[in-house]
Amino acid sequence: MRGPLSAWLVKHGLVHRSLGFDYQGIETLQIKPEDWHSIAVILYVYGYNYLRSQCAYDVAPGGLLASIYHLTRIEYGILDQPEEVCIKVFAPRKNPRIPSVFWVWKSADFQERESYDMLGISYDNHPRLKRILMPESWIGWPLRKDYIAPNFYEIQDAH
């Protein structure tokens, strides 16, 4: 089932895949990494002026990595429930690269850095893409399903 935003994107020739609606009735769309930055700018101009959250997850061991964006369309003076959309951008595990939306929504800064730190997704054109939770010397991506946690004593002896 196609939602109103998906229908609008189709009408304007913008490539995406409708994933239906989540349990709260929020429209969910899949965008290819190479199309994400231009569609993000279009969504901002269309009125999605607030990035509520960005997160990422490992779809399956050895499979794709996903970067998720929850966008809200806030219109000042309108007291109704704001319009929301969920965008999923999938990237290959071997070289996961997704365009950063920091220059569209500044709130993406620390959120994209955390996704990089935990899953190794590289956000192209992010101004400060570096680890935010783990030490710079940390090897690996702790939230990947194929990550092998180091032995506690190895970590302790490293310091």
Side-chain angles (χ1 to χ4, degrees), residues 2-3 5-6 8-10 12-22 26-46 48-72 84-159:
R2 198 173 289 255
L5 181 59
S6 180
W8 186 87
L9 291 171
V10 167
H12 291 87
L14 299 167
V15 179
H16 71 286
R17 180 175 167 223
S18 177
L19 300 176
F21 297 86
D22 71 5
I26 296 172
E27 186 174 6
T28 305
L29 304 175
Q30 179 182 341
I31 308 291
K32 292 180 181 176
E34 58 270 19
D35 299 328
W36 173 224
H37 189 265
S38 59
I39 290 180
V41 170
I42 290 166
L43 291 176
Y44 184 83
V45 171
Y46 184 70
Y48 287 94
N49 52 2
Y50 179 60
L51 173 64
R52 187 164 44 97
S53 69
Q54 183 278 331
C55 62
Y57 69 94
D58 188 347
V59 176
L64 297 172
L65 301 174
S67 187
I68 312 302
Y69 300 83
H70 295 274
L71 306 174
T72 305
E84 297 180 46
V85 67
C86 176
I87 305 292
K88 294 187 177 189
V89 182
F90 294 96
R93 173 180 233 80
K94 190 165 189 149
N95 185 21
R97 302 186 77 79
I98 295 173
S100 173
V101 292
F102 171 83
W103 301 106
V104 180
W105 298 283
K106 298 291 190 237
S107 59
D109 186 9
F110 285 9
Q111 297 175 65
E112 287 181 343
R113 284 181 59 191
E114 182 179 354
S115 296
Y116 165 74
D117 195 7
M118 296 289 107
L119 291 154
I121 299 172
S122 183
Y123 292 92
D124 296 337
N125 297 319
H126 190 286
R128 294 175 291 279
L129 192 62
K130 61 180 184 174
R131 290 197 181 267
I132 191 168
L133 300 171
M134 305 302 286
E136 284 293 329
S137 60
W138 195 266
I139 298 171
W141 314 109
L143 290 184
R144 286 194 181 187
K145 292 182 179 178
D146 55 1
Y147 178 72
I148 299 171
N151 186 317
F152 173 78
Y153 296 106
E154 291 176 9
I155 295 173
Q156 183 179 6
D157 293 342
H159 296 288

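Note: hydrogens, waters and symmetry copies are ignored here, and every other heavy atom, side chains too, is used. Starting from 1, each residue takes its place in the sequence as its number.
- Across all non-hydrogen atoms, the minimal contact from F102 to H126 is CB-CD2, 4.3 Å.
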Name the atoms and distances for all side-chain donor-acceptor pairs under 3.5 Å in residues 35-46, with sequence neighbours left out.
residue: S38; atom: OG; partner: D35; partner atom: O; Å: 3.1

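- Between the side chains of Q111 and S53, not a single donor N or O lies within less than 3.5 Å of an accepting N or O.
- For S18, the side chain to side chain contact (heavy atoms under 4.5 Å, CB included) partners at least two apart in sequence or on another chain are S6, L29.
- Going from atom CG of L9 over to atom NE2 of H16 covers 5.0 Å, rounded to the nearest 0.5 Å.
- Of all heavy-atom pairs spanning L14 and W8, the tightest one is CD1-CZ3, 4.3 Å.
- Across all non-hydrogen atoms, the minimal contact from D117 to P142 is O-CD, 3.7 Å.
- Note that the CD atom of Q30 and the CD1 atom of I87 stand 10.5 Å from one another [nearest 0.5 Å].
- Within 6.0 Å of the CZ atom in F21, the count of heavy atoms belonging to other residues, nucleotides or ligands exceeds 12.
- Within the 3.5 Å criterion, the main-chain N or O of R131 finds no donor-acceptor partner in the side chain of W138.
- Across every non-hydrogen atom of S115 and A56, the tightest pair is OG-CB, 3.5 Å.
- For A66 against V59, the heavy-atom pair with the smallest separation is CB-CG2, 4.1 Å.
- In this structure, the salt bridge (Lys or Arg N to Asp or Glu O under 4.0 Å) partners of R52, at least two apart in sequence or on a different chain, are E84.
- Looking at heavy atoms from C-beta onward, C86 lies in side-chain contact with I68 at the 4.5 angstrom threshold.
- Under the salt bridge (Lys or Arg N to Asp or Glu O under 4.0 Å) criterion, D124 pairs with R97, not counting sequence neighbours.
- Of all heavy-atom pairs spanning L64 and P92, the tightest one is CD2-CA, 3.9 Å.
- Counting only heavy atoms from C-beta outward, the side chains of P127 and W103 approach each other to under 4.5 Å.
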*Take M134 and M118 through the side-chain contact (heavy atoms from CB on, under 4.5 Å) test and state the conclusion after the steps.*
CA-CA 8 Å; M134 305 302 286; M118 296 289 107; 3.4 Å; yes
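- Residue-environment remark: NZ (K145) exceeds the threshold of 12 foreign heavy atoms within 6.0 Å.
- Residues in residues 105-114 take part in these salt bridge (charged side-chain N to carboxylate O under 4.0 Å, His left out) pairs, two or more places apart or across chains: D109-R128.
- In this structure, CG on L65 lies 5.0 Å from CD1 on I121, to the nearest 0.5 angstrom.
- At least one side-chain heavy atom of L51 sits less than 4.5 Å from a side-chain heavy atom of Y69.
- Interatomic distance, OH of Y123 versus CD1 of I98, reported as 5.0 Å (0.5 Å rounding).
- With sequence neighbours excluded, the residues satisfying salt bridge (Lys or Arg N to Asp or Glu O under 4.0 Å) with R93 are D58, D146.
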